[in-house]
Amino acid sequence: LVHPARPNRIIIANGIVGMMSSEDDGNSFQRMKMPAEANYPDAVVIHPGQPDLLFMSAGVGWPVHWYELGRARGKMFRSRDAGKTWEKSLYISEKAGCADVSIDPLHPDIIYATTWEFRRLPYLFNSGGVGSGIYKSTDGGKTWKEINKGLPAKPFGRVALAVTPSAPENLLAIVEAKETGLFISADGGETWKPQSATLNVTSRPFYFSTLVVDPKDPKRVYRPAFSF
């Protein structure tokens, strides 16, 4: 991540090494302190107007922690001092990981988080459960509500979520469900409607769990897939 107001500041979040930051355009990096209850970060965003305010989703973790319950599952953390200290912002359950976080670039008190209930053991992998969902905060992460009107019935699995930078009231989400599909919202996630269910949308949603919207063209969307 490169902060728009302080481009010399770079933050890297990695599922293996944790979090690292640079204050000199990437010439040097320092390891950042992780919350005591977290294994590894899954996603990090920076408040566009407050460079020291960070939000981090944690809980899916790296393979050594896939078999654990409770320690970091389902937690969203918030830091007000550039990652020196952290506080818990959102918690779902010991079975669900907080998989992603997005921030409204024009109204940065609006934050979106996705959760993913899954279980991996040496002999099974189960993606999906009642703990999976999309959550929204309108007060900077103090309180959260689930936004699911129009989405598939639970249980569902991994959710890939994107906020449209040029029109942030428009959201896109690929929801892994009995009938996986791409869903869109034009009112900040309050309501959703199905948009597409082509093969490249429905294939391996828990692996291809990324959506990126062009910063200028709200109709241009990118997603990894098997083929063009």
Chi angles and distances behind the side chain to side chain contact (heavy atoms under 4.5 Å, CB included) call for Lys149, Lys193: CA-CA 9 Å; Lys149 187 176 181 180; Lys193 64 179 182 179; over 6 Å; no
Check against side chain to side chain contact (heavy atoms under 4.5 Å, CB included), Lys216 and Ser166: CA-CA 6 Å; Lys216 296 182 180 180; Ser166 60; 5.9 Å; no
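Annotation: side chain of Ile92 is in contact with side chain of Tyr135 (closest heavy-atom distance under 4.5 Å). Contact check for Pro48 versus Pro105: no side-chain heavy atoms found under the 4.5 Å cut-off. For the pair Phe183/Leu171, no side-chain contact is recorded, criterion being any heavy-atom separation below 4.5 Å from C-beta on. You'll find the side chain of Glu146 stays beyond 4.5 Å of the side chain of Lys136, heavy atoms only. Side chains of Trp144 and Ser89 form a contact here, defined as non-hydrogen atoms less than 4.5 Å apart. Leu211 has its side chain within reach of Ile174: a pair of non-hydrogen atoms, C-beta onward, lies under 4.5 Å apart. Taking 4.5 Å as the limit, some side-chain heavy atom of Leu1 sits within range of a side-chain heavy atom of Val44. Using a 4.5 Å heavy-atom cutoff, the side chains of Ser137 and Ile110 are not in contact.
At distances below 3.5 Å, at least one donor-acceptor pair connects side-chain atoms of Asp187 with backbone N or O atoms of Thr191. Ser185 places no side-chain N or O within donor-acceptor distance of the main-chain N or O of Trp192, the cut-off being under 3.5 Å. A donor-acceptor pair is defined here as one N or O able to donate and one able to accept, closer than 3.5 Å; such a pair exists between the side chain of Ser79 and the backbone of Thr85. Of the possible donor and acceptor atoms, one in the side chain of Ser22 sits under 3.5 Å from a partner among the backbone N and O of Asp24. A distance-only check finds a donor-acceptor pair linking the side chain of Arg9 to the backbone of Pro51 [under 3.5 Å]. Judged by distance alone, the side chain of His107 and the main-chain N or O of Asp109 form no donor-acceptor pair under 3.5 Å. Looking at Tyr112, its side chain never comes within 3.5 Å of a backbone N or O of Asp104 through a donor-acceptor pair.
Of the charged side-chain nitrogens involved, none lies within less than 4.0 Å of a carboxylate oxygen, so that Lys154 and Glu117 do not count as a salt-bridged pair. Between Lys142 and Glu87, none of the side-chain N atoms (NZ, or NE/NH1/NH2) sits under 4.0 Å from a carboxylate O, so this pair counts as no salt bridge. Note on Arg6 versus Asp52: salt bridge recorded, some NZ/NE/NH1/NH2 to OD/OE distance being below 4.0 Å.
With rounding to the nearest 0.5 angstrom, the CD atom of Gln30 is 13.0 Å from the CE atom of Met19. Atom CG of Asp100 and atom OG1 of Thr210 lie 7.5 Å apart (nearest 0.5 Å). Note that NZ of Lys84 and CG of Leu54 are 10.0 Å apart. Values are rounded to the nearest 0.5 Å. Here CG of Asn170 is found 8.5 Å from NZ of Lys219. Values are rounded to the nearest 0.5 Å. In this structure, CD1 on Ile11 lies 10.5 Å from CE on Met56, to the nearest 0.5 angstrom.
For Glu176 against Arg158, the heavy-atom pair with the smallest separation is OE1-N, 2.8 Å. Of all non-hydrogen atoms in Val101 and Ala43, the two that sit nearest each other are CG1-O, 3.7 Å. Contact between Val163 and Ser102 at its shortest, heavy atoms only, is CG2-CB, 3.7 Å. Scanning all heavy atoms of the two residues, the minimum distance from Met34 to Trp86 falls at C-CD1, 4.2 Å. Scanning all heavy atoms of the two residues, the minimum distance from Phe156 to Ala177 falls at CB-CB, 3.8 Å. Ala96 approaches Gly131 most closely through the heavy-atom pair CB-O, 3.8 Å.
With hydrophobic clusters built from ILVMFWY side chains whose heavy atoms lie under 4.5 angstrom apart, Val201 shares a cluster with Leu172. Cluster annotation: Val45 is connected to Leu90 through the hydrophobic network of ILVMFWY side chains, with a link wherever side-chain heavy atoms come within less than 4.5 Å. Cluster membership check: Ile147 shares its hydrophobic cluster with Val159, using side-chain heavy-atom separations under 4.5 Å among Ile, Leu, Val, Met, Phe, Trp and Tyr. Under a hydrophobic clustering in which Ile, Leu, Val, Met, Phe, Trp and Tyr are joined whenever their side-chain heavy atoms come within less than 4.5 Å, directly or via other members, Ile184 and Val213 fall into the same cluster. In the hydrophobic cluster analysis, where Ile, Leu, Val, Met, Phe, Trp and Tyr join through side-chain heavy atoms closer than 4.5 angstrom, Trp116 is grouped apart from Val175.
A donor-acceptor pair shorter than 3.5 Å cannot be found between the side chains of Thr198 and Asn200.
For Glu23, the CD atom counts as densely surrounded, since its 6.0 Å shell holds more than 12 non-hydrogen atoms of other residues, nucleotides or ligands.
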